[in-house]
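This report refers to the structure that appears directly beneath it.
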Amino acid sequence: MKEITKDLYQFSMFIPPLDFTIHQYLLAKEPAILFAAGTARQARAILPELKEILGSRPLKYVFVSHMESDEAGGVFVLQQAYPNLIVLASPLTARELPGYGYTGKILPQKGGAVLKDGGLQLQFIDYPSEVHLQNGLLCYEKNSGILYSADLFLRFGNGVGKTMEADWQEEVKAIPAERVPETQARAVLQHDLLEIQPKFVAVGHGFCLDLR
Ligand SMILES: [Fe+2]
Ligand SMILES: [Fe+2]
């Protein structure tokens, strides 16, 4: 675990045979939000660290970008530790989670929606994401300028605790067809992303982007 930028704690797993890193992030504001539940195993592993950072404060939100094990797998584990947890996810993910036995609260979000709660101002952006390249979301916390980008801006390599300087316009323009193959959907996503000006991109895989 590392505080990779102010109030943002990164939890990581590096998989050497794949040269691949999986990250989750706790934004320890009031209220607190976790970006990506992680797999059930990862969620179990980070619980003691979450408790250490948050103390007696609860984890209020977990953002689930899309229905894939690294994003959603650990919601059940987190719900056991934080029974009042609220999952923020797209309507498609919201429909699928109960099928996996999740019984906690879900607040479905659509692209363009903004949720304000205490120190958080969360803006949701539509994201055609794996596995089926539809109905995923990205989450931008406007007060801190932190964007959680899930599988976008994915890079291979050991990205544990590492940040690289980057240019936002160039990163957005370089989103490859392998991430979002449908031309029109990619153009819409790129347009939506250029409407915001994040200071820091917390990536699901690889190296965080410092845009300051
Ligand atoms: Fe994914
Ligand atoms: Fe992922």
Side-chain angles (χ1 to χ4, degrees), residues 1 4 8-27 33-46 61-78 87-97 99-100 102 106 108-111 124-141 146-164 166 171-172 174-182 185-186 188-190 192-193 198 200-209:
M1 179 256 291
I4 194 141
L8 188 73
Y9 295 84
Q10 183 188 61
F11 307 88
S12 308
M13 186 169 73
F14 177 60
I15 308 168
L18 303 176
D19 197 26
F20 195 64
T21 318
I22 301 175
H23 303 294
Q24 300 161 259
Y25 301 86
L26 174 71
L27 185 55
I33 180 169
L34 186 71
F35 296 115
T39 62
R41 190 174 152 195
Q42 282 174 290
R44 261 181 228 112
I46 70 164
Y61 298 109
V62 58
F63 173 70
V64 175
S65 164
H66 53 278
M67 203 63 214
E68 220 176 351
S69 64
D70 57 335
E71 303 285 344
V75 285
F76 326 98
V77 174
L78 297 169
V87 171
L88 304 173
S90 74
L92 179 68
T93 302
R95 282 202 306 277
E96 290 196 340
L97 277 176
Y100 286 74
Y102 179 72
I106 308 175
Q109 303 293 327
K110 288 190 174 164
F124 302 93
I125 298 163
D126 282 325
Y127 165 43
S129 55
E130 298 89 342
V131 177
H132 303 292
L133 293 162
Q134 58 176 334
N135 297 81
L137 288 176
L138 302 174
C139 186
Y140 176 50
E141 205 288 299
I146 291 168
L147 171 72
Y148 173 68
S149 69
D151 299 335
L152 273 188
F153 315 118
L154 176 155
R155 284 175 170 89
F156 287 90
N158 185 345
V160 179
K162 292 184 192 136
T163 299
M164 53 182 271
E171 288 290 328
V172 172
I175 292 171
E178 67 188 67
R179 289 266 83 76
V180 185
E182 213 271 295
R186 193 165 69 252
V188 169
L189 175 65
Q190 286 168 318
D192 289 350
L193 288 173
F200 191 89
V201 179
V203 295
H205 310 285
F207 303 83
C208 287
L209 305 180

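Given the structure is predicted, the values throughout are model-derived calculations rather than measurements. In listed order, ligands and their atoms are each counted from 1. All residue numbers in this chain count up from 1 along the given sequence. Hydrogens, waters and symmetry mates are skipped; everything else that's a heavy atom, side chains included, is used.
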To the nearest 10 degrees, could you say what angle the Fe ion (ligand 1) makes with NE2 of His66 and OD2 of Asp151?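 Taking the Fe ion (ligand 1) as the apex, I get 100° for this pair.
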For the residue pair Phe20 and His205, does the interplanar ring angle fall in the parallel (under 30°), tilted (30 to 60°) or perpendicular (over 60°) class?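 Parallel: the ring planes of Phe20 and His205 meet at under 30°.
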Does Arg155 pair with Glu171 as a salt bridge, N-O distance under 4.0 Å?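 Salt bridge present between Arg155 and Glu171.
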Please confirm whether the ring centroid of Tyr9 lies under 6.0 Å from the ring centroid of Tyr25. no
Heteroatom of Asp70 nearest to the Fe ion (ligand 2) (N, O or S, atom name):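 Answer by atom name: OD2.
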The Fe ion (ligand 1) to Glu68: nearest N/O/S atom name: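 For Glu68, the N/O/S atom sitting closest to the Fe ion (ligand 1) is OE1.
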Closer than 3.5 angstrom, by distance alone: can the side chain of Gln24 be matched with the main-chain N or O of Ala37 as a donor-acceptor pair? yes
